[in-house]
Amino acid sequence: MARRLLSSLGQFLATLLVATALIFVMLRVMPGDPAVVALGINATPEALAQWRAEYGTDQSLAVQYLQWMGGLVRGDFGMSYVTSQDLSPLIADRVQVTLILVGLSMVVALLVAVPLGVLAAVRHRHPSGVALAGISQVGVAVPNFLVGVLLVAVFAVHLGWFPSGGWVAPADDPVQFLRRLVLPVIALGSVQAAIITRYVRSAVLEIMREDFLRTARAKGLTKGAALVRHGLRNAGVPVVTIVGVQLAAMLIGSVVIERVFVIPGLGSLLVDSVGNRDLLAVQAIVAVLVLLVIVINLLVDLAYTVLDPRLRKAA
Amino acid sequence: MATSLDTTESVGMPVPAPSIPGRSRRRSRPGTQLVVGAVLIALVALVALVSLVWTPYDPVATVASDRLQFPSAAHWFGTDRFGRDVFSAVMVGSQITLIVGFIAVGIAVIVGVPLGILAGMRPGRLGDVIMRGNDILLAFPGLLLAIVFGAVFGAGTVTAMVALGIGSIPAFARVARSGTLQVMKTDYVFAARAANRSEFRIALRHVLPNISGMIVVQCSVNFGIAVLAEAGLSFLGLGTMPPTPSWGRMLQESQQFLGSHDYLAIAPGIAIAVAVLGFNLLGDGLRDRFDPKMRSSR
């Protein structure tokens, strides 16, 4: 158990190190001198030299990487080349918004998907089970931003029940905060619910054929009781995997949803920074997103050991 | 335990092989998913082909007098804010969709499958190194990679295709590796090794044909993912650039006319959903055929 934990942690750190190096290298391939991008082509050589010294771009790449990494460890993302804004508070602010959006959407998705998936599996020969499987199949194919656009059209523009977008901090006005979150959470959560429903259904169907479930039934447990007592825990492993994969996908997918609903999250900041050619901001945001993805993968890895004792021994 | 089997046999009842129930029946009759998926993809492909030679209107020609017209006999899906025919644009948009999917999946197959086979045939240090690299790449989802590439090399269709392709490599490497590990345990690979066949020949003659089914399934799944991602990128303005019609950008442009001209969102939206649904169904249907284990659970 301890060995498995250590090896997971080691792999996490190694992945993180290589991934940040990759991000750094990728963004330094960018053609053009950031000093010229920041100051314009008419800047004097003296001004350019001063800018480079101020932002440290006159150092060697290795030194720049180490400085950047050192900053990351301390939570210091540096200063934007374009807006001269301190990136750390900005990113901390934006990442909260994205995490609230993604977290809530995942909770909603799970609340919908787990019962529906179990139902679809238990009734897989019944018309209702077949219908659920069909609906989730279609749901998987619909992009979340299309759902977002349609929700805005119906519930914001035509019916006027909810605002079409924007963001209010929960501390400022909790009611407005929730009202503005309803549509984006449905947009992001419903597609995830469809995906997770399919996996829950497959996992439960698989479990229903297992010997231990037949034994439980033979002991006199009803179908439902046997499933709850013995089945769901075993169906947990594939479901946790897909929840992890989908959490990572949602983090990235929220980039588009934030655009639809004008939400000031990390994704909007990323797209804006790409548009402004704000190298350091892009670098920092991508690093944060990749870090989150790797952390999710680590948590999934650790969840396996908790859910499936067989894996504990195998390690 | 064996007695129950023996008695049924002695009574003369036919005992079907337990591992592949109904195999022959399924072989002869393709599943509904496979058929529906294939029909949807064929439809998209047909539209793309036809749009190469014919569209009702020039999809990029702006006609000021025809601005924002509702769907009619003249313009089946209406016109956009520049008076461009939406139906023609949706038709041409299918080309970009298929090309991006094709190239992205192509890159992922060409790089990922050989890496996966290599990792499976050399499970020692080399295999470990390949799969560690794969894990690192897994931390960069395709859409994120495409946004970064857009920042570095400039956004566009080519950048998107390459980034989405690289982002899909891990999926193919994993599938190819796990398939290869299974094939390497079979008797015919032992026989080929005993007969001193080269590793390359074994990979080509025995491994590749045996894992090709899994690869095809993965292709279909990733094609759907690439279509979604391209639409998302174009929606963000980081994919296909104007004036080339693309479903994602049409959807983005429709946003400012929601409420008054909803049809602008519906046409490209349905197009994206049909294409993705087609590839997903095709993937599921093919998996049913190629992987008996998955068969009855879908």
Side-chain angles (χ1 to χ4, degrees), chain A residues 11 14-16 18-19 22-23 26-31 121 124 133 137-138 140-147 149-150 152-154 156-158 164 198 201-203 205-206 209 248-249 251-253 255-256 259-260 267 270-271 273-275 277-279 282-283 286 289-291 293-294 297, chain B residues 33 36 40 132-133 135-145 147-155 224-225 227-229 231-233 235-238 247-248 251-252 254-255 257-260 262 264-266 268-270 272-281 284 293-294 296-298:
Chain A
Q11 211 172 314
T15 309
L16 191 60
V18 179
L22 269 179
I23 295 168
M26 258 193 299
L27 284 155
R28 298 296 148 144
V29 181
M30 190 139 141
H124 68 287
Q137 175 78 272
V138 174
V140 172
V142 179
N144 55 25
F145 50 92
L146 172 61
V147 178
V149 168
L150 296 179
V152 169
V154 175
V157 179
H158 286 294
S164 64
R198 278 165 56 78
R201 176 177 175 273
S202 286
L205 272 177
E206 199 76 24
R209 282 199 299 268
L251 268 178
I252 312 304
V255 175
V256 194
R259 215 55 179 178
V260 175
L270 177 61
V271 176
S273 306
V274 168
R277 294 183 73 80
D278 194 342
L279 174 91
V282 173
Q283 196 172 302
V286 173
L289 285 172
V290 167
L291 170 74
V293 171
I294 301 175
N297 289 345
Chain B
Q33 291 181 320
V36 177
L40 291 179
R132 280 294 93 78
D135 286 346
I136 290 163
L137 200 51
L138 215 54
F140 293 89
L143 192 60
L144 184 64
L145 212 55
I147 294 173
V148 175
F149 275 33
V152 177
F153 305 109
I225 293 174
V227 170
L228 270 183
L233 278 173
F235 188 92
L236 291 174
L238 295 171
W247 295 342
L251 202 53
Q252 189 267 323
S254 78
Q255 258 196 301
F257 300 104
L258 286 183
S260 57
D262 291 337
L264 285 173
I266 290 167
I270 289 177
I272 297 170
V274 163
V276 179
L277 184 64
F279 284 110
N280 287 353
L281 285 172
D284 282 349
K293 232 188 90 195
M294 298 296 294
S296 36
S297 63
R298 302 244 162 199

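The sequence lines fix the lettering, A, B, ..., with proteins before strands; numbering per chain opens at 1.
Under the 4.5 Å side-chain criterion, counting only non-hydrogen atoms from C-beta, A/His158 is in contact with B/Asp262. Residues A/Arg259 and B/Gln252 are not in side-chain contact: their nearest non-hydrogen atoms beyond the backbone lie 4.5 Å or more apart. In this structure, A/Val274 and B/Leu238 have side chains that are in contact, with non-hydrogen atoms separated by less than 4.5 Å. A/Arg198 is listed as a side-chain neighbour of B/Asp284, based on a closest heavy-atom distance under 4.5 Å.
For A/Val255, the parts sitting under 4.5 Å from any heavy atom of chain B are the backbone and the side chain alike. Neither the backbone nor the side chain of A/Ala133 has a heavy atom closer than 4.5 Å to any heavy atom of chain B. With a 4.5 Å cut-off on non-hydrogen atoms, B/Phe279 does not touch chain A at all. For A/Ile252, the parts lying near chain B are the backbone and the side chain together; criterion is any non-hydrogen pair under 4.5 Å. Proximity to chain B (any heavy atom under 4.5 Å) is restricted, for A/Gln11, to the side chain, taken from C-beta onward. Of the two parts of B/Leu144, the backbone and the side chain both hold a non-hydrogen atom closer than 4.5 Å to a non-hydrogen atom of chain A. No part of A/Leu291 comes within reach of chain B, as not one of its non-hydrogen atoms sits under 4.5 angstrom from that chain. Interface remark: A/Leu251 contributes no atoms to any contact with chain B (heavy atom separation under 4.5 Å). Residue contact with chain A, scored on non-hydrogen atoms closer than 4.5 Å, is absent for B/Leu264.
Considering CH2 of B/Trp247 and CG of A/Leu146, their distance stands at 12.5 Å, rounded to 0.5 Å. Rounding to the nearest 0.5 Å gives a distance of 5.0 Å between CD1 of B/Ile147 and CG of A/Leu270. Separating the OG1 atom in A/Thr15 from the CG atom in B/Leu137 is a distance of 11.5 Å, to the nearest 0.5 Å.
Ranking B/Ala231, B/Ala229, B/Gly237 against chain A, the residue ahead of the rest is B/Ala231, based on heavy-atom pairs under 4.5 Å.
For B/Phe140, the ring pair (Phe, Tyr, Trp, His ring centres under 6.0 Å) test picks out no residue, with sequence neighbours left out. Remark: A/Val147 pairs with A/Val142, A/Leu151, A/Ala187, A/Ser190, A/Val191 by the side-chain contact (heavy atoms from CB on, under 4.5 Å) rule, at least two apart or across chains.
Shown here for A/Val149 and B/Ser254, the closest heavy-atom pair between the two residues is CG1-OG, 4.3 Å. Residues A/Pro143 and B/Ile272 approach most closely at CG-CG2, 3.7 Å, considering heavy atoms. What you find for A/Val256 and B/Leu236 is that their closest heavy atoms are CA-CD2, 4.0 Å. Contact between B/Ala151 and A/Val282 at its shortest, heavy atoms only, is CB-CG1, 4.4 Å. Closest non-hydrogen pair, B/Pro141 versus A/Val293, comes out as CG-CG2, 4.4 Å. Taking both residues in full, the closest heavy atoms of B/Leu281 and A/Gln137 are given as CD2-NE2, 3.2 Å, listed atom of the first, atom of the second, then distance.
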